[in-house]
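Have a look at the structure below, then the notes.
Residue numbers start at 1 and run along the sequence shown.
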Amino acid sequence: MKVIIVGGVAGGATAAARIRRLDENAQITVFERSGHVSYANCGLPYYIGDVITDSAELTLQTPESFLKRFRINMKVHHEVTDIHSQNKTVTVRNLVTGEIFTESYDKLLLSPGAKPTKPPFPGIESDKLFSLRTVEDTLQIKEFVQKNQPASVVLAGGGFIGLELAENLRSLGLEVTIVQGLDRLLTPLDYDMASFIHAQVRQKGIRLLLNSFVEGFEEHEGRIRVLVNGHEPLNADMAVLAIGVTPDTQLAKSAGLELGVRGSIAVNDRMETSIPDIYAVGDAVEIRHFITNRKSLISLAGPANKQGRIAADNICGMNSQYRGSLGTSVIKIFDLTAASAGINEETAREAGLDYDKVFLSPANHASYYPGGRIMTMKIIFEKNSYKLLGAQIVGYEGTDKRIDVLATAMYSGLTALDLKDLDLAYAPPFSSAKDPVNMAGFMIENIASEKVKQFHWNQVKDLPRDGSLNLLDVRTVQENASGAIEGFVNIPVDELRERMNELEKEKPVYITCQSGLRSYLACRILSQNGFECYNLSGGYRLYASVEKEILAAESALPCGADK
């Protein structure tokens with residue numbers, strides 16, 4: 001069997017190695033147009049920031065190592081320009097010599113990946129404007145930084161690459177501005193959870209321009225000027241375009257393959273395209289979202305690697321299926337960690353799902369063990385069925401552990417109520433006897449059993465302050481003095497039983513505390529004494545974070561910037 005693979009990196013390289021493990025006699029050739037056949041995309045920003053100091057560490061395999069271990073012919077600097085499915089051949093160009101030749105195949109696997117999105121902006125060809133996708137891109141940025149010692153950079157885009165690059169360039173001492181077209185960084189997160197990320201990057205001296213769009217670039221006095229709608233032009237020593245990626249599917253399109261969302265390659269669950277004996281994997285393919293069942297594009301290394309393995313199985317006569325992706329992700333942002341799995345609230349709303357949510361702020365390990373830190377969790381679930389729809393966490397150590405548990409629960413079909421029963425590891429340095437994931441399950445069970453009713457941060461402003469409601473803050477006097485919601489009367493929870501007569505029983509009680517725990521306790525006290533109670537989910541901590549973010553975004557200036 002003769003197999004040709006177009007593109008290496010995650011999907012293509014994984015498939016090549018898997019085919020060899022399944023078929024020692026297969027003739028396998030990989031054509032890769034860059035100079036690197038298998039490298040760590042996710043490590044590229046950290047080489048620019050000197051966290052990874054040896055560029056060789058970015059290369060996972062070389063053509064030589066693939067040939068020696070797997071007897072796979074890796075042809076770098078070779079581009080497949082045409083597919084002739086009728087006679088099962090491809091046209092290949094050697095990008096070094098210019099030679100053009102034809103290769104036949106029995107099975108063809110496409111792993112072209114995605115390319116940085118580059119709208120037809122004026123000034124897009126400036127030598128001070130970069131994108132970051134390949135090792136070559138990384139080396140180009142690194143060389144520019146070392147040679148020119150830039151003092152400032154504008155990043156167009158606030159996704160994973162944009163944020164990681166912002167952190168690393170800031171660590172080198174550059175003044176960093178991020179221009180983001182949406183109201184938040186990291187679109188897998190909802191606005192309320194992203195507010196914690198915004199506060200962190202502003203505190204580190206990074207300027208955010210949210211709800212702002214780059215419209216072009218100009219050379220100006222030896223620097224680059226970034227044109228932004230509704231703002232004065234931003235002058236910087238360099239700029240990076242990181243507004244997203246586009247599936248690289250021109251080859252597939254010209255070959256007549258069926259295309260899917262945003263021009264991606266349509267495949268079935270065996271990673272087969274619409275033409276027999278042609279498979280496709282990675283960032284260029286359309287896949288099924290595990291939660292919504294909708295066709296989606298998810299450009300992450302984990303799904304690409306799994307798809308490569310599944311395609312290889314089927315090429316070798318097995319029967320493997322790709323069940324879809326949750327889009328599980330995690331990112332380091334200075335000393336914060338942000339993670340998500342499944343869908344966010346915005347997507348649930350757009351999909352017309354009848355959903356609910358809980359917020360909680362547990363410590364990452366036992367509170368009595370030194371070094372414990374707060375994480376903020378948001379769990380989204382379907383009403384009535386309690387199907388888990390999504391999870392978002394912003395925290396520190398232990399964030400990745402909890403998102404993996406929640407992703408596993410979603411993939412296994414556990415409900416939000418099942419979270420309370422999970423038997424998770426406990427020792428004081430790592431967790432609490434009631435793990436944060438269990439706590440989320442307890443909270444959702446309380447909602448299901450109507451032991452508590454909720455209201456949310458975005459409903460606070462609409463609560464009447466005319467005396468028709470009891471508005472109650474059950475934090476300590478000291479906490480209340482450091483910041484409180486307008487109109488909420490302070491009665492600490494430990495004094496509530498003795499001071500209950502200060503509340504009017506015929507009026508509903510809306511209660512807040514710092515995180516939502518003490519206000520839940522207050523709800524239980526009051527509801528058993530005849531009051532109708534509502535608990536502020538996420539508490540004052542979440543409310544204050546979002547309110548502060550709204551003010552900061554309006555001013556578009558860094559808050560508490562490092563000098």
Tell me whether Arg21 at atom CZ has more than 12 heavy atoms from other residues, nucleotides or ligands lying less than 6.0 Å away. yes

Looking at Leu414, is its backbone amide N or carbonyl O close enough to the side chain of Ser412 to form a donor-acceptor pair, meaning the two atoms are under 3.5 Å apart? no

Which is it for Gln321 and Asn319 under the side-chain hydrogen bond (donor to acceptor under 3.5 Å, both in side chains) test, yes or no, and what are the steps along the way? CA-CA 7 Å; Gln321 288 84 35; Asn319 185 24; 2.5 Å; yes

Gap separating the CG atom of Leu406 from the CG atom of Leu326, nearest 0.5 angstrom: 10.5 Å

Minimum heavy-atom separation for Pro150 and Met238, please, with both atom names. CG-SD, 3.7 Å

Lys332 with Glu167: basic N within carboxylate O range, under 4.0 Å: yes

Please say whether more than 12 non-hydrogen atoms of neighbouring residues, nucleotides or ligands are located less than 6.0 Å from CG in Asp423. no

Between Phe290 and Tyr411, is the ring centroid distance below 6.0 Å? yes

Find out whether Val3 and Ile315 are in side-chain contact, i.e. whether some heavy atom of one side chain is under 4.5 Å from a heavy atom of the other. yes

State whether Lys2 and Glu103 are salt-bridged, where the test is any N-O pair (Lys NZ or Arg NE/NH1/NH2 against Asp/Glu carboxylate O) under 4.0 Å. yes

Decide yes or no for Arg93 and Phe101: does some side-chain heavy atom of the first lie under 4.5 Å from some side-chain heavy atom of the second? no

I need the Ser264 OG to Lys295 NZ distance, nearest 0.5 Å. 9.5 Å

Exercise: identify the closest heavy-atom pair between Ile275 and Ser85: CG2-CB, 3.7 Å

Taking the basic N atoms (NZ, or NE/NH1/NH2) and the acidic carboxylate oxygens, is any pair closer than 4.0 Å for Asp313 and Arg18? yes

Between CD1 on residue Ile19 and CG on residue Leu109, distance to nearest 0.5 Å: 6.5 Å

Is the backbone N or O of Leu251 less than 3.5 Å from a side-chain atom of Ser254, with the two atoms forming a donor-acceptor pair by type? yes

Would you mind reporting whether Val30 and Ile72 have side-chain heavy atoms less than 4.5 Å apart? yes

Looking at Asp137, is its backbone amide N or carbonyl O close enough to the side chain of Thr134 to form a donor-acceptor pair, meaning the two atoms are under 3.5 Å apart? yes

I'd like to know if the side chain of Asp400 and the backbone of Ala339 have a donor-acceptor N/O pair within less than 3.5 Å. no

Those residues at least two apart in sequence (or on a different chain) that pass side chain to side chain donor-acceptor pair (under 3.5 Å) with Glu79 are none

Has the side chain of Asp354 got a donor or acceptor atom that lies under 3.5 Å from a matching backbone atom of Lys383? no

Rounded to the nearest 0.5 Å, what separation is found between the CG atom of Leu259 and the NZ atom of Lys253? 7.0 Å

Under the side chain to side chain contact (heavy atoms under 4.5 Å, CB included) criterion, do Ile4 and Phe31 qualify, and how do the steps go? CA-CA 8 Å; Ile4 287 179; Phe31 292 113; 3.9 Å; yes

Shortest non-hydrogen contact from Val245 toward Arg133: CG1-NH1, 3.6 Å

For Ser171 and Asn168, does a side-chain donor sit closer than 3.5 Å to a side-chain acceptor? no

Taking the side chain as every heavy atom from C-beta outward, state whether Leu95 and Arg33 have any pair of such atoms under 4.5 Å apart. yes

Show the numbers, then the answer: is there a side chain to side chain contact (heavy atoms under 4.5 Å, CB included) between Val358 and Lys378? CA-CA 6 Å; Val358 294; Lys378 180 177 185 177; over 6 Å; no

For Arg184 and Glu346, what are the C-alpha separation, side-chain angles and deciding distance, and is it a salt bridge (charged side-chain N to carboxylate O under 4.0 Å, His left out)? CA-CA 12 Å; Arg184 66 194 186 280; Glu346 180 181 39; 2.7 Å; yes

Give a yes or no answer on whether the side chain of Glu136 reaches the backbone of Gly35 with a donor-acceptor pair at less than 3.5 Å. yes

Distance in Å, Leu155 CG paired with Ile161 CD1, rounded so as to fall on 0.5 Å steps: 11.0 Å

Taking every non-hydrogen atom, the tightest pair across Ile379 and Ala391: CD1-CB, 3.9 Å

Is the terminal nitrogen or CZ of Lys142 (NZ for Lys, CZ for Arg) located under 6.0 angstrom from the six-membered ring centre of Tyr47 and within 45° of that ring's axis? yes

Do Arg270 and Tyr322 have side-chain N/O donor and acceptor atoms under 3.5 Å apart? no

Asp106 and Gln27: side-chain donor and acceptor closer than 3.5 Å? no

Report yes or no: is the cationic atom of Arg373 (NZ for Lys, CZ for Arg) closer than 6.0 Å to the six-membered ring centre of Tyr396, at no more than 45° off its axis? yes

For Gln307 and Asn305, does a side-chain donor sit closer than 3.5 Å to a side-chain acceptor? no

Could you check whether any side-chain N or O of Ser431 sits under 3.5 Å from a backbone N or O of Tyr426, counting only pairs where one atom can act as donor and the other as acceptor? no

Ion pair check, Arg349 and Glu345, cut-off under 4.0 Å: yes

Taking Ile310's backbone N and O only, do any of them form a donor-acceptor pair with Asn314's side chain (distance below 3.5 Å, no angle check)? yes

Would you say the side-chain atoms of Thr102 and Thr89 include a donor-acceptor pair closer than 3.5 Å? no

Heavy-atom donor-acceptor pair, Ser296 side chain to Arg294 backbone, under 3.5 Å: yes

Within-4.5 Å side-chain heavy-atom neighbours: Thr337 and Ile331: no

If you measure only the distance, is there a donor-acceptor pair under 3.5 Å linking the side chains of Asp190 and Gln392? yes

How about Glu350 and Thr347: does a side-chain donor come under 3.5 Å of a side-chain acceptor? no

Distance only, no hydrogens: is a donor on one side chain within 3.5 Å (strictly under) of an acceptor on the other, for Lys387 and Thr415? no

Before you tell me yes or no, could you show the steps for Leu163 and Val201 under side chain to side chain contact (heavy atoms under 4.5 Å, CB included), namely the whole-Å CA-CA distance, both residues' side-chain angles and the distance that decides it to 0.1 Å? CA-CA 9 Å; Leu163 263 181; Val201 298; 4.0 Å; yes

Side-chain contact test, heavy atoms from C-beta onward, threshold under 4.5 Å: evaluate it for Leu108 versus Tyr279 and give yes or no. no

Quick one: sort the Tyr386 and Phe381 rings into parallel, tilted or perpendicular, breaks at 30° and 60°. parallel

Main-chain N/O of Gly8 paired to Glu32 side chain as donor or acceptor, under 3.5 Å: yes

Thinking salt bridges, do Asp277 and Lys88 make one under a 4.0 Å N-O criterion? yes

Within a radius of less than 6.0 Å around CD of Glu143, do more than 12 heavy atoms belonging to other residues, nucleotides or ligands occur? no

Under a 4.5 Å cut-off applied to non-hydrogen side-chain atoms, are Met1 and Cys316 in contact? yes

Any side-chain donor near an acceptor of the partner, Thr91 and His84, under 3.5 Å: yes

Do other residues, nucleotides or ligands put more than 12 heavy atoms under 6.0 Å from the CZ atom of Phe430? no

OG-CG distance between Ser329 and Leu189, expressed to the nearest 0.5 angstrom: 7.5 Å

Nearest non-hydrogen partners of Val76 and Ser34, listed with the distance: CB-O, 3.4 Å

Heavy-atom side-chain contact between Ile178 and Ile206 under 4.5 Å: yes

Nearest heavy-atom approach of Leu360 to Pro436 is CD1-O, 3.6 Å

